Amino acid sequence: MAKLETKIHNIVLKNPVMTASGTFGYGEEFADFMDLSCLGGIIVKGTTGERRQGNPYPRMAETPAGMLNAVGLQNVGVETFCKAVYPRIKDIDTNILVNVSGSSIEEYCYVAEQVDALDNIPGIELNISCPNVKKGGMGFGTDPAMAAQVVKEVRKVYHKTLIVKLTPNVTSIVDIAKAVEQAGADSVSLINTLLGMAIDVERQRPYLSTITGGLSGPCVKPVAVRMVWQVAHAVQIPVVGLGGISCAADALEFLMAGAKAVQVGTANFLDPAVTVKIVDGLQDYCQRHGINDINEIIGII
Amino acid sequence: MKQIADFTIVGREQLGEQYFTLTLQHPDKLGPIAAGQFVEVEVRNCREVMLRRPISIHDVDESKNRLTLLIQIVGKGTRKLSELEVGASLNLIFPLGHGFAVAGERPLLVGGGAGIAPLFHLAKCYKAKGVEPTILLGGRTKALIPVRDAFVEYGRVHYATEDGSLGEQGLVTQHSAFAGEYDHICTCGPTPMMKAVGRYAMEKGMDCEVSLENMMACGIGACLCCVCDTDEGHKCVCKEGPVFDVRKLTKWLEASK
Ligand SMILES: Cc1cc2nc3c(=O)[nH]c(=O)nc-3n(C[C@H](O)[C@H](O)[C@H](O)COP(=O)(O)OP(=O)(O)OC[C@H]3O[C@@H](n4cnc5c(N)ncnc54)[C@H](O)[C@@H]3O)c2cc1C
Ligand code: FES
């Protein structure tokens, strides 16, 4: 058996396979289909300061080899998460990380502080792709200075592993990655969804209530691999890769491009047990290629 | 417990141009399935379809570990499924969602189009409780109603078509059987039909359950794509539904679309 263990800052993962926020609920939804302790980690739903209803239906559209979503951060809010959800999931034998979202720096800090107090949450993934309400809806994650500012403030109140999730909807993702590294991020994860749009020509209207939405699925994978490769060569902190991973070979592309770990997203909808198959596939690959430790192939490209 | 399994198609029946049924053999044990629950079907070898398609459980044969789906061809995925032949395998995630309560002593089941699908298993469940439901099925014209003769074994069946080609002419809500004495209504079909039935039940103060058909991605409550705007906020149709008590859907009943 090859060693699949990897590390993101202080977090030890039994294998590099995690699940992406917003695609795996709180993990519980998948317990009938797989053993959750097989996973390197679970990143639970985006969590905000208050409960949110998200955007109006319809908020999903299937597109070639992918899908658009405009769920809009529907979640129970951090207080209910800590009181009602955390006790249910805290003993799952894997790394449970919380995706921290918000519309202002104060909200990000508030959520991060609450989650900091939870013993069995070893880290957070800061989702800086949400619009900044105060600055006219522009995403924090699309401007290096603004991205750095959120990370700096959250860093002051959050003491465990801080992963920052980057949006691909920028001119240079490398600039954003460097800015958040400087501001104190322990790791970056990429890519969040690509901004997209689809029109129902029969009804002559957009499929989504919000007109535009986030594209995910196999169609985004080559873009994601490219960005992971660029960022991995530009920063010192560990990179977590995601975007369209649906099999072990896909995960291996990200690892070879420089990711220390990967997240599986949309593929969970097609096969709720896909992550177990990916872990098995990595083991199988290592055996076929005489690899003793998965870290041997990380960043070889 | 939810499971994912490869079924084998052991029966296929074409019902008019638009509808067909697939009877599926489970490799092992089906487990309990409530009326109104659904499956997420994988559509293989179809370049345009990535996501599974939600389809109601039309009939269950527990002794043989078989279930039957009744599918209307409306687009790419359902067309691909219609091309499958006996012997082919089909991967399903099931049983999903929250089904009908199977409540009341004098129930009325109202179905339109593909919405007729879950009412068959539902009628059977009523029969098993010793209750004979009234079953009212409607459509624009006869060809758009998947006629399942076996319905008569489980209740009193009536048809309504807008052109009078089958049963009484008019909408299901205009049918003479609709105004009868009932204590519980279950409905599944086109949204305008379900809203008309739901509003009627609310006015009469009658118990009424509706089965919604929102677009889905995961079918298990993970993606939050399928929500209905209920009186208690956004609820996942795949998990908290597809069957809802109309009393929780007053906002939905009032909305024009
Ligand atoms: C809980 C549930 C149970 C269902 N049960 C049945 C059933 O028993 N039998 C059956 O025939 N159908 C059922 N449906 C509807 C079925 O899921 C859709 O018809 C199917 O997903 C369409 O796939 P497609 O690829 O053929 O269509 P697409 O090519 O994806 O779309 C073609 C057209 O169908 C419409 N459409 C797509 N998805 C849906 C949907 N979920 N509901 C209504 N219209 C849709 C689109 O707006 C489009 O106009 C059910 C839906 C749900 C949510
Ligand atoms: S379809 Fe994913 S939550 Fe309902």
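In the text below, chain A, chain B and the rest are named by the order of the sequence lines, each starting its count at 1. Scope of the values below: all heavy atoms of this structure, side chains included, with no hydrogens, waters or symmetry mates. The structure displayed is predicted, hence computed values, not measured ones.
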*Asks:* Between A:Tyr57 and B:Asp229, is any pair of side-chain heavy atoms under 4.5 Å apart?
*Replies:* no

*Asks:* Should the heavy atoms of other residues, nucleotides or ligands under 6.0 Å from NZ of B:Lys251 be counted, would the total exceed 12?
*Replies:* yes

*Asks:* Taking the side chain as C-beta and beyond, is there a heavy-atom pair between A:Arg59 and B:Val227 under 4.5 Å?
*Replies:* yes

*Asks:* Less than 4.0 angstrom from a charged side-chain N to a carboxylate O is my criterion; do B:Arg53 and A:Glu62 meet it?
*Replies:* yes

*Asks:* Give the minimum heavy-atom separation between B:Ile220 and A:Phe33, together with the two atoms involved.
*Replies:* CD1-CE1, 4.1 Å

*Asks:* In Å and rounded to the nearest 0.5 Å, what is the SG to CG distance from B:Cys225 to A:Asn69?
*Replies:* 5.5 Å

*Asks:* Using non-hydrogen atoms and a 4.5 Å limit, figure out which bit of B:Ile4 sits close to chain A: side chain, backbone, both or neither.
*Replies:* both

*Asks:* Relative to chain A, which segment of B:Cys228 carries a heavy atom at a distance below 4.5 Å: side chain, backbone, both, or neither?
*Replies:* neither

*Asks:* Between B:Lys2 and A:Glu29, is there a side-chain N and carboxylate O pair less than 4.0 Å apart?
*Replies:* no

*Asks:* May I ask you to name which of B:Glu42, B:Arg52, B:Gln3, B:Glu40 has the most heavy-atom pairs under 4.5 Å with chain A?
*Replies:* B:Arg52

*Asks:* How many angstroms lie between CG in B:Leu224 and CD in A:Gln53, if you round to the nearest 0.5 Å?
*Replies:* 10.5 Å

*Asks:* If we only count heavy atoms from C-beta on, is the B:Ile93 to A:Pro272 side-chain gap below 4.5 Å?
*Replies:* yes

*Asks:* Does any heavy atom of chain A fall under 4.5 Å from the side chain of B:Asn91, the backbone, both, or neither of them?
*Replies:* neither

*Asks:* Quick check on B:Glu83: does its CD atom have over 12 non-hydrogen neighbours (other residues, nucleotides or ligands) under 6.0 Å away?
*Replies:* yes

*Asks:* Is it the backbone or the side chain of A:Asn55 that comes under 4.5 Å from a heavy atom of chain B, or both, or neither?
*Replies:* backbone

*Asks:* Please identify, among A:Gly54, A:Gly66, A:Pro64, the residue contributing the most non-hydrogen atom pairs under 4.5 Å to chain B.
*Replies:* A:Gly66

*Asks:* Heavy-atom distances under 4.5 Å only: say whether A:Thr266 touches chain B with side chain, backbone, both or neither.
*Replies:* side chain

*Asks:* Of all the heavy-atom pairs spanning B:Met50 and A:Met67, show the shortest one and how long it is.
*Replies:* CE-N, 4.2 Å

*Asks:* Tell me, yes or no, whether the heavy-atom count around B:Arg140 atom CZ, taken from other residues, nucleotides or ligands under 6.0 Å, exceeds 12.
*Replies:* no

*Asks:* Which atoms form the tightest heavy-atom contact between A:Phe269 and B:Cys218, and what is the distance?
*Replies:* CD2-CB, 3.4 Å

*Asks:* Looking at B:Lys142, I'd like to know if its NZ atom is crowded, meaning that more than 12 non-hydrogen atoms belonging to other residues, nucleotides or ligands lie closer than 6.0 Å.
*Replies:* no

*Asks:* Using a 6.0 Å cut-off, check whether atom CD of A:Glu50 has over 12 heavy atoms from anything other than its own residue.
*Replies:* no

*Asks:* Should we say atom CZ of B:Arg44 is surrounded by more than 12 heavy atoms from elsewhere, each under 6.0 Å from it?
*Replies:* yes

*Asks:* May I ask you to check whether over 12 heavy atoms, not counting those of B:Gln14, lie within 6.0 Å of atom CD?
*Replies:* yes

